[in-house]
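Given the structure is predicted, the values throughout are model-derived calculations rather than measurements. Every number for a ligand or one of its atoms is a count from 1 in the order of the listing.
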Amino acid sequence: MENCNIEHLQRQEAVEIQGILFFKGMDDAWDKIQNFQARPSDIVIATYPKSGTTWVSEMMDQIINNGDEEKCKRDSIYNRVVFMELIMPGFSDGVASLNKMPSPRLVKTHLPVHLFPVSFWEKNCKIIYVARNAKDVAVSYYYFYQMAQTCPHPGTWEEFLDKYITGKVCFGSWHDHVKGWWEKKNDHRMLYLFYEDIQENPKRELLKLIKFLEKDLSEEVIDKILHNTSFKVMKNNPQSNYTTLDPSAMDHTISPFMRKGTTGDWKNHFTVAQNERFDVYYQENMAGSTLKFRTEI
Ligand code: PPS
C-alpha cells in the first residue's frame, strides 16, 4: 500500500467475482491473484475482515524478529505483512509487493478458502487463521466501512447489518468464511485461533503461535512481545495503527482503525429486533458446525 492521495478511488462500487463482493480493481487483477506463486517459507495470516488480523500480524512479525521492537518499527504493518489480493492501481498491488519481498514473507489474505491461490496449498505454507464472533465483526466492519474510503458506502447501521447478514459486503459471508477455513484445518498446516481467546489470555495464544512458527524465545522476549502487541501500545504505534496512510484512504477522525479492541461491543449497537433477527440467521447458517464462538468473555 502506498501513502498517497487516493481521492479518485474513494467509495467505488464493489465488484462481484464468483458470487462474492470485492474491492474494485481486484476484478481486473483476478488472474494475477489466483496465479500467485507462493514460496514454502511464506507464512499466511488469513481472516475475515475485522477479526484480529493486525493484532496477530504484529505478533507474527515480532516473533520472527525475536521481539526486536526497533526492527518491527522498520515499516507500517501493511508493508511488513502484505495484503496479497489488495490490488487497486495507484494505491496497492499486494502481488507485486510480495514478489519483490525477501523470504520469509508474511502474507495477509481475506479470501474465502475456496478462492485462496492453490500455490499456497502446493507449497504447504503455514497458515494462521483468526476468527472473531460475528456480532463484534459486524460492528467493527461498519466503523471500518465508514473510515476506510476505499470501501463502498456503508449506508446506515441497519442497512449495513442487512448487507452483512446476507453476505453482500466485501469478502462475502462471515459464516461461509469461518466455516470454510475451519473445514480445511485438518488437512493442512494451519493454526486456527479466536480473537476472544487472545483477549482472554494473550500469553496462552501467543505461545501457540510461537510453537507453530517453531521459534524458541525467552520469557523476557515473550513478555516484551505481549507488551508491544497490547491494544494500548499498538493504538499508539504509528507503524501498527494505520495512521501512516493518507487520510484520503483512511480517515481516523471518523473512527480510528484501533477502535475499541474489546469483545461485546455489539451490545451497544444491536437493537433487540436486530439481535433476534441476527440470531435466527446465525442458527440457520451455523447449524451442524462444530465451530463455536463466544460473544462475551
Ligand atoms: S482488517 O482491516 O480486516 O485488517 O482489521 P483487523 O485487524 O482484522 O481488525 C481490526 C479490529 O481488531 C482490533 N485490534 C485489537 N484488539 C485487541 N488488541 C489489539 N492489540 C488489537 N489490534 C487491533 C481493532 O481495534 C479492530 O476492532 P474494533 O472492534 O473495531 O476495535
Side-chain angles (χ1 to χ4, degrees), residues 1 22-23 44-62 72 76-86 88 92 94 106-112 128-151 154 157 160 164 169-172 174 177-178 181 193-203 205-206 209 224-245 249-252 254-270 295-297:
M1 273 193 223
F22 292 105
F23 296 125
V44 179
I45 166 93
T47 55
Y48 186 82
K50 314 322 291 177
S51 302
T53 328
T54 315
W55 192 3
V56 173
S57 294
E58 189 62 56
M59 285 181 171
M60 288 159 60
D61 192 43
Q62 301 260 346
C72 294
S76 299
I77 191 68
Y78 47 82
N79 290 327
R80 288 181 280 140
V81 183
V82 174
F83 191 175
M84 177 191 59
E85 68 270 19
L86 188 67
M88 291 182 130
S92 172
L106 300 182
V107 181
K108 162 179 168 178
T109 185
H110 287 323
L111 289 174
I128 297 141
Y129 188 84
V130 187
R132 186 184 191 185
N133 81 78
K135 291 180 183 177
D136 282 323
V137 168
V139 172
S140 183
Y141 211 3
Y142 178 56
Y143 281 96
F144 182 75
Y145 251 68
Q146 293 176 70
M147 67 85 73
Q149 306 298 310
T150 48
C151 288
W157 162 239
F160 181 82
Y164 175 78
V169 289
C170 289
F171 299 97
W174 174 91
H177 209 283
V178 296
W181 282 93
L193 299 175
F194 295 89
Y195 180 96
E196 294 76 20
D197 290 352
I198 311 174
Q199 202 165 44
E200 179 184 62
N201 191 337
K203 187 163 186 175
E205 303 305 305
L206 179 67
L209 259 174
K224 198 158 80 160
I225 295 177
L226 281 173
H227 173 76
N228 286 326
T229 56
S230 67
F231 182 76
K232 213 168 139 200
V233 171
M234 281 183 62
K235 187 177 171 68
N236 291 314
N237 176 3
Q239 302 297 47
S240 57
N241 67 14
Y242 278 87
T243 55
T244 47
L245 279 180
M250 283 191 187
D251 186 345
H252 295 259
I254 297 174
S255 176
F257 183 91
M258 295 285 168
R259 197 182 58 88
K260 283 202 174 169
T262 57
T263 296
D265 189 39
W266 63 272
K267 291 180 194 163
N268 301 317
H269 295 81
F270 281 63
T295 51
E296 53 193 311
I297 50 174

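- In this structure, Trp174 has its ring center at least 6.0 angstrom away from the ring center of Tyr141.
- Closer than 4.0 angstrom to ligand 1 by heavy atom are Pro49, Lys50, Ser51, Gly52, Thr53, Thr54, Trp55, Lys108, His110, Arg132, Ser140, Phe144, Tyr195, Thr229, Ser230, Phe231, Met234, Phe257, Met258, Arg259, Lys260, Gly261, sorted by chain and number.
- Residues Tyr164 and Trp157 place their aromatic rings such that the two centres sit no closer than 6.0 Å.
- For the pair Lys108 and Phe83, the distance from NZ or CZ to the six-membered ring centre is under 6.0 Å and the angle to the ring normal is within 45 degrees.
- What you find for Val56 and Ile128 is that their closest heavy atoms are CG1-CG2, 4.1 Å.
- Not less than 6.0 angstrom separates the ring centroid of Phe23 from the ring centroid of His110.
- The shortest distance between side-chain heavy atoms of Trp266 and Thr295 falls below 4.5 Å.
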